[in-house]
Amino acid sequence: MVLLALLNPLLSAIFALGAQSPNYSGLCPSNRPITIKAPHENIWKPLTEEETLRVQEWLYDQKELNLTDFTKASLNDNSIWLIELITPNKTDAISYLDSYSTTQQNFNHSPLNRYARAILFNGGYSVPHIKELQVGPLPISSETKAVPFSYVYQNSSIPGVEGEGVFPFNSRPNYGIEGAALDVSFMTEIKDATNDLIGGAYTGSEDDKIMCAWQGPNSFDGSWRRSWLFFMGKGFGARYMLPTGLFVYVDTSGSDTSKWYVRRVLYNHQVFQSLEDFKNAWENGNIEKGKKVDLDDKKWTTRQRRGEQRPLDDRPAPVSNSFGGSRIKADRAEGYVEWMDWSFYTGFNRDTGLTLWDIRFKGEKIIYEISIQEAVSQYSGNDPIQSTTTWLDRYHGLGEGTRQALMGYDCPHGALTFNTSYYSKNTFAVNTDSVCIFEQDLGFPTSRHADIMDNWYGSTKGTALHVRSMATVYNYDYMFSYIFYLEGTVEILMSASGYLQTTYWDGTQDDYGTRIHNTTMGSVHTHVINYKVDLDVGGTANSVQTIELVQEDVKFPWFDEDDPPTKQVRLHKTWVQNETSFSVQGNSNNGQRVLLIGNKEKKNAWGQERMYRIMPGYHTIHNAVKGSTRLLNSAKWGEDDVFIVKHKDTEPSSSTTWNQQMPIYPPVDFSKITTPAESIDQEDLVVYLNLGMHHVPRAEDTPNTLFTNSRSSFFIAPFNYFDEEPSRDLRNAVLLVQNPVTGKYEVEESGSGDGDETCMPRADVTPVYVGEIDINLSETDVFKQSRLVEEEAA
């Protein structure tokens, strides 16, 4: 009888809403977003192709820079490596945005000037170096000038090079010119030995069976540049999954390639102090051989289908459909989006990819900026690669690695998409459909209650807006998602797939990873992805409060005399006074800490401070290695879950491109941002939080790591920000009440789309993958014409 009583409300609800004859209305409305005009221009949108071209032209016109087209330059030339927007300082941006008049639909403020960041690789100087310039104001005019771009760096002057915004040449990213300059003839000298020991040779020929890659960092302070080369199989998947166990240590300091040399060779735990020592030892039979890799056994390393077909897998997988049309509004030209009382602008850059700006809910700004800052991967092992590798991925470019999302696989069909672009090495690169935005059914309600006492039932549909980009940084594929929920919560989620960075397996490696094939091992490593969340809750004056759940033993007056004290928790509330870091789980590591940020002068109707909670979702982590000798000072933000600091225009980021190669003197030194600890009481605050995973590889990572169990997330959720649960205004909800006479449940409030209207979903188009579109700006007609005019004038 109890079971029937519990089932009655549900069964009656089904009958109340029950199946009716559908009223067919033809083809469903398009899922395309509704086109709107953004409230104002996007002051954070990247430089356009035209703006970038004009900056490049202007730089070439500055004869004192002595620039060479990057596509034709050698290491000994000066060339432009990067041109991108310098996002406006928050102080200026807030002043500008706050001047907007909603009644007059305009700004009581002059437009913000745009400036470009230009990075020059100056290999043509007696002391080669990297130089950063701020170029502007834009558009180019007689007022445009270039000054050092250095005010955002804690270490803007580096030993060994002179000037602000000038960094050692040895801290540059690896790129095509360097790869071509690295003479591989030394490997040809030992091809007989490598063919015997590892089954292949590396000579630069198309017929080679192996290829090489390198670890990082390759320097500590930019005074030298050295790399361990490791040799892998060649071809799809093999370059990641077929390590040979041969390592060569090379010195490539400076721009004079005649001074580059081999420092040592390692094979099967045997160290040789020169190439000649290695060759002689092999010729004399003095090398202990390891198990040779089967370089022809490659199929297991690819994504080609394997195994028998599962039952019914010949049928298409389910897809979502909006029977009433899209609920997303967008101004694609301005990168502006609205959905269910949420609104935001988008930005993009080469180092860190997608950024979100001016995030508002129900008209109130909640977050000024959400952006990725850095992605660390720190490896462990007993070979020269795994034991020395710590990647900082903005050096490689999370934005540069952001590519098209394949509809129907990476993102659902019908998603709103934005193109992204960046300029590097004379090329304006465009990636179509590389940001996708879509509403998705959560598969569970936002809220519900089935009351079995007073016999009523209510439920609100659960959907969320996903904003997604995907970046491939060599072997790893990252999926970055910002998820907006109907009740005012934002989830920041990342997960990882792609290939492992593998190493050669033998029995001595077992403490550092997992054997995943005959001679291949996946090494243990930690991913830490650092995010910046600039919250403005009730304005820019914010404070931080912690609520700790602490246990107490207490007796109350109504207890009997022989009653023992009751054990329970009470709330211990503290206003945090100075910049600090937190474990989001609390000291007990049991989730007994509530971390809040907001304006303590702003109260809700019940006298509670209007706050937002920084709340762990899927596993949140920080770096497992503290005091890393590979990171040193370059990633101090990774040593705890969350850091909260006072906002400064001179501290817009926790990292920069050059931190990878200069861990002793990182240009952005996060320890100098947090020390000395300044007051965070009613100040403009910035939260730096970490996501990621401690990755102990397994056989199921072959060939690719799985997104399903590599997820990590934080929630930014309202906490007394509203007077009540804010999703009560939603029409996609239903309320059923039992009729006391008939006993049937009747619809008191129906949900949107609960009628008998139906339509035929539109067919999904076959996915088309375009890849990156590269535009050589030196080959554009406009650029050629301007050069021709200049030559004629000369």
How far apart are the closest heavy atoms of [X] and [Y], and which atoms are they?
X	Y	answer
Val537	Gly598	CB-CA, 3.8 Å
Glu487	Ser727	CB-CB, 4.3 Å
Ala429	Asp774	CB-OD1, 3.4 Å
Asp331	Ala38	OD2-N, 2.9 Å
Ser495	Phe707	OG-CD2, 3.3 Å
Gly538	Asn599	O-ND2, 3.0 Å

For residues [X] and [Y], determine if any side-chain heavy atom of one lies less than 4.5 Å from a side-chain heavy atom of the other.
X	Y	value
Thr144	Val135	yes
Thr402	Leu354	no
Phe70	Ile80	no
Arg360	Asp358	yes
Ile119	Trp658	yes
Thr526	Val376	no
Thr657	Glu132	no
Val490	Ile370	yes

Treating [X] as the side-chain partner and [Y] as the backbone partner, does any N or O pair qualify as donor plus acceptor under 3.5 Å?
X	Y	result
Glu374	Ser655	no
Gln660	Leu392	yes
Asp441	Gly443	yes
Asn690	Asp640	yes
Asn659	Ser634	yes
Ser95	Thr91	no
Asn349	Thr352	yes
Arg32	Leu416	no

Listed by chain and number, what are the side chain to side chain donor-acceptor pair (under 3.5 Å) partners of [X], not counting sequence neighbours?
X	result
Tyr531	none
Asn419	none
Lys646	none

Please name all residues satisfying ring-ring contact (aromatic ring centres under 6.0 Å, His included) with [X], sequence neighbours left out, ordered by chain then number.
X	result
Trp391	His396
Tyr769	none
Tyr482	none
Phe719	none

Do the two ring centres, one from [X] and one from [Y], sit under 6.0 Å apart?
X	Y	value
His647	Tyr368	no
Trp44	Tyr345	yes
Phe121	Trp81	yes
Trp357	Phe344	no

Test log, rule salt bridge (charged side-chain N to carboxylate O under 4.0 Å, His left out), inputs Glu51 and Lys45: CA-CA 12 Å; Glu51 286 178 307; Lys45 66 183 176 184; over 6 Å; no

Parallel, tilted or perpendicular for [X] and [Y], by the 30°/60° rule?
X	Y	value
Tyr151	Phe149	perpendicular
Phe670	Tyr688	perpendicular
Phe361	Phe722	perpendicular

Any pair counted as ring pair (Phe, Tyr, Trp, His ring centres under 6.0 Å), so long as it reaches residues 400-437, sequence neighbours left out: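 Output for this query is empty, none listed.
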
Residues in salt bridge (Lys or Arg N to Asp or Glu O under 4.0 Å) contact with [X], at least two apart in sequence or another chain:
X	result
Glu772	Arg403
Asp536	Lys90, Lys365
Arg468	none
Asp341	Lys362

Test salt bridge (charged side-chain N to carboxylate O under 4.0 Å, His left out) applied to Glu439 and Arg327, step by step: CA-CA 8 Å; Glu439 183 177 6; Arg327 304 199 298 176; 2.4 Å; yes

Cationic tip of Arg711 above Tyr618 ring, under 6.0 Å, 45° of axis: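 Relative to the ring axis of Tyr618, which defines the angle, Arg711 lies inside both limits.
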
Criterion side-chain hydrogen bond (donor to acceptor under 3.5 Å, both in side chains) on Asn426 and Ser778, from CA distance to verdict: CA-CA 7 Å; Asn426 219 78; Ser778 294; 2.6 Å; yes

Leu691/Thr620 under side chain to side chain contact (heavy atoms under 4.5 Å, CB included): CA gap, chis, key distance, verdict: CA-CA 5 Å; Leu691 300 179; Thr620 53; 4.1 Å; yes

Tyr476 vs Asp393, side-chain hydrogen bond (donor to acceptor under 3.5 Å, both in side chains): CA-CA, chis, key distance, verdict: CA-CA 10 Å; Tyr476 260 101; Asp393 281 340; over 6 Å; no

Pair Gln373, Ser653: side-chain N/O donor-acceptor within cut-off below 3.5 Å: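 Yes, side-chain donor-acceptor contact under 3.5 Å.
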
Verdict with reasoning, Leu53 to Gln56, per side chain to side chain contact (heavy atoms under 4.5 Å, CB included): CA-CA 5 Å; Leu53 174 61; Gln56 177 183 273; 4.3 Å; yes

side-chain hydrogen bond (donor to acceptor under 3.5 Å, both in side chains) evaluation trace for Asn31 with Ser326: CA-CA 5 Å; Asn31 281 335; Ser326 176; over 6 Å; no

Pair Ser377-His527, side-chain hydrogen bond (donor to acceptor under 3.5 Å, both in side chains): steps then yes or no: CA-CA 5 Å; Ser377 302; His527 293 278; 3.1 Å; yes

